[in-house]
Each structure stands twice: as structure tokens, then as C-alpha cells.
Amino acid sequence: EPEVTQTPSHQVTQMGQEVILRCVPISNHLYFYWYRQILGQKVEFLVSFYNNEISEKSEIFDDQFSVERPDGSNFTLKIRSTKLEDSAMYFCASSEALQGVYGYTFGSGTRLTVV
Amino acid sequence: SQKIEQNSEALNIQEGKTATLTCNYTNYSPAYLQWYRQDPGRGPVFLLLIRENEKEKRKERLKVTFDTTLKQSLFHITASQPADSATYLCALARDDKIIFGKGTRLHILP
């Protein structure tokens, strides 16, 4: 069964440092997403990406965040200057159709801890 | 703004019984609704999708209903097993994304 792969599984970083979270979506999927989940809270949308550009972003996704698809397989989320409140699980997802008509496939997540 | 409510934070069901979870939404009429399972420390796993013109969808022991008049979906697990214990998330498609409810933690008691 095809998988979405995320690395690293756990990242600890100092406040103010930059982090890059990496994802390899499913190869024939065209739509890519980042979500986050603060401990004990719901899964929140950050950004969707299609055709090499952002198609939608949430209020959380401010200037500190950026996404990139640097080659045909990787999809990255960069946080420029991390804050304590950025500590969360970050999930990458991909889908083969708009609005996930066949469902989204999520990775296992990166647990980001900002200290 | 769009709200998705899942009826309870936690639900305990005896093994072998049917578990029923509720998802209500407001301020929007989605073309379809999805259900996901999430285990602790893991990403959501897609289970079922139901379209607005479908009343019911089944997959093995899972059944989903969708009532667009009541703005409600029910998610049933029949003959529940301890392995069904997890958090179940309701999700609606909106623009270029899906948005999730907070989920219901289901515990199947042996």
C-alpha cells in the first residue's frame, strides 16, 4: 500500500531557530497538504499546494511558514523562526483528487518540540 | 464560521455491541463528508466518504449515514472489538482542503 513518508519523526529545536519538515507524498498524487495537531487538540489545516503553488492557506500559516516542492518527490514545510507555540505534531497529506474525493493519505507525522 | 461538532469527547462501548458516533455541522452544506480513524501519535487514516446524495454507505463492519437536512452524519461500528478503540474524526471538504472535527475517543471494553 503506498505511503506518505515524513522525516524526521521527532525534532527538538531552540526557539528562534529554523526547521524544515520533510514529506514524500504518494507518487501519483497531485494535491499536497500540511496539517498540525497541538497535543489534545484537533487536527488543523495549514496549507494546500497544487501545481507548484499554494492553493489555500489558513490564518496560522503566516509569514514564518513556507512550503516548497523542490523536486518531483519531496514536499517541505519550513518554519523560519520557531516559537514555543509551534510545538505540535505536523502531518503531511496527499490526495489524487481535489477536496480529497477519494480521501487523504496522511503521513505518520513529525513531532516538533520547541524549547 | 464553519463548525463541526462531534457529540462526545469519549465513548465507552462493550465489546460486541454497536458503537454510534455523531457528527453535526453548521453554516455550510458540504458535497461530501469523510470519516477518519486516528491512533495515538499517528496520522489520521481515511475510512469512508459519503456524498450528499447518498443516504448510507457501508464498508465491512462500518456504516455511515448522511442527513443533509439535519446537517448530521452518524458513524456506526457493528460487532465492535477492542482493536476498534481509537479516535474517530469527522471531516468536511471546504474549498481546497478538508476540515476536521475534534474527534470522539472510542473505547471498546472487553
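Lettering of chains follows the sequences in order, A, B, ..., and the numbering in each one begins at 1. This structure is a prediction, so every number in the text was calculated from the model and none was measured.
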**Student:** To the nearest 0.5 Å, tell me how far B:Gln34 CD sits from A:Tyr102 OH.
**Tutor:**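 Here the rounded value is 12.5 Å.
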**Student:** Would you say A:Ile79 ends up clustered with A:Leu46 if hydrophobic residues are merged whenever their side chains have heavy atoms under 4.5 Å apart, either directly or through other cluster members?
**Tutor:**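 As far as the 4.5 Å side-chain criterion goes, A:Ile79 and A:Leu46 are connected within one cluster.
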**Student:** Hey, could you give me each pair passing side chain to side chain donor-acceptor pair (under 3.5 Å) that has a residue in residues 28-45 of chain A? Not counting sequence neighbours.
**Tutor:**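 Side chain to side chain donor-acceptor pair (under 3.5 Å) check on residues 28-45 of chain A returns A:His29-A:Ser94, A:Tyr33-A:Ser95, A:Tyr33-A:Tyr104, A:Arg36-A:Glu44, A:Gln37-B:Gln38.
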**Student:** So does A:Asp63 have more than 12 non-hydrogen atoms from other groups sitting under 6.0 Å from CG?
**Tutor:**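 Not more than 12 within 6.0 Å, no.
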**Student:** With hydrophobic residues grouped by side-chain heavy-atom distances under 4.5 Å, do B:Leu109 and B:Leu106 end up in a single group?
**Tutor:**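 They do not share one cluster, since no chain of ILVMFWY contacts under 4.5 Å joins B:Leu109 to B:Leu106.
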**Student:** Is it true that B:Leu11 and B:Tyr88 fall in one hydrophobic cluster, defined by side-chain heavy atoms closer than 4.5 Å?
**Tutor:**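 Yes, B:Leu11 and B:Tyr88 fall within the same hydrophobic cluster.
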**Student:** Could you tell me whether A:Leu39 atom CG has more than 12 heavy atoms of other residues or ligands within 6.0 Å of it?
**Tutor:**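 At most 12 heavy atoms, drawn from other residues, nucleotides or ligands, come within 6.0 Å of this atom.
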**Student:** Are A:Val43 and A:Phe32 linked, directly or through intermediate hydrophobic residues, by side-chain heavy-atom contacts shorter than 4.5 Å (ILVMFWY only)?
**Tutor:**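 No, it is not one cluster - the side chains of A:Phe32 and A:Val43 are not joined through contacts under 4.5 Å.
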**Student:** Other residues, nucleotides and ligands only: do more than 12 of their heavy atoms fall within 6.0 Å of CZ on A:Arg111?
**Tutor:**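 Counting other residues, nucleotides and ligands, CZ of A:Arg111 stays at 12 neighbours or fewer.
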**Student:** Step through the shown structure and confirm whether more than 12 heavy atoms of other residues, nucleotides or ligands are within 6.0 Å of CZ on B:Arg94.
**Tutor:**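 Atom CZ in B:Arg94 is packed in, count exceeds 12.
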**Student:** Please check: side-chain N/O of A:Ser48 versus main-chain N/O of B:Asp96, any donor-acceptor pairing under 3.5 Å?
**Tutor:**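 Confirmed, A:Ser48 side chain pairs with B:Asp96 backbone.
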**Student:** So which of A:Gln6, A:Met89, A:Glu56 has the largest heavy-atom pair count under 4.5 angstrom toward chain B?
**Tutor:**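 Max contact count across the listed options: A:Glu56.
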**Student:** Rounded to the nearest 0.5 Å, what separates atom CG in B:Asp39 from atom OG in A:Ser108?
**Tutor:**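 OG of A:Ser108 is found 10.5 Å from CG of B:Asp39.
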**Student:** Transitive ILVMFWY cluster of A:Val12 at side-chain heavy atoms under 4.5 Å: who else is in it?
**Tutor:**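 Cluster partners of A:Val12: A:Val115.
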**Student:** Write out, in numerical order, the residues from residues 43-62 of chain B with a heavy atom short of 4.5 Å from a heavy atom in chain A.
**Tutor:**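 At a heavy-atom separation under 4.5 Å, chain A is reached by B:Gly43, B:Pro44, B:Phe46, B:Leu49, B:Arg51.
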**Student:** Any link between A:Val67 and A:Phe106 through a network of hydrophobic side chains (Ile, Leu, Val, Met, Phe, Trp, Tyr) touching at under 4.5 Å?
**Tutor:**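 Different clusters: A:Val67 never reaches A:Phe106 through Ile, Leu, Val, Met, Phe, Trp or Tyr contacts under 4.5 Å.
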**Student:** Do any of residues 14-24 of chain B come closer than 4.5 Å to chain A, heavy atom to heavy atom, and if so which ones, in number order?
**Tutor:**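 Within residues 14-24 of chain B, no residue comes under 4.5 Å of chain A, counting heavy atoms only.
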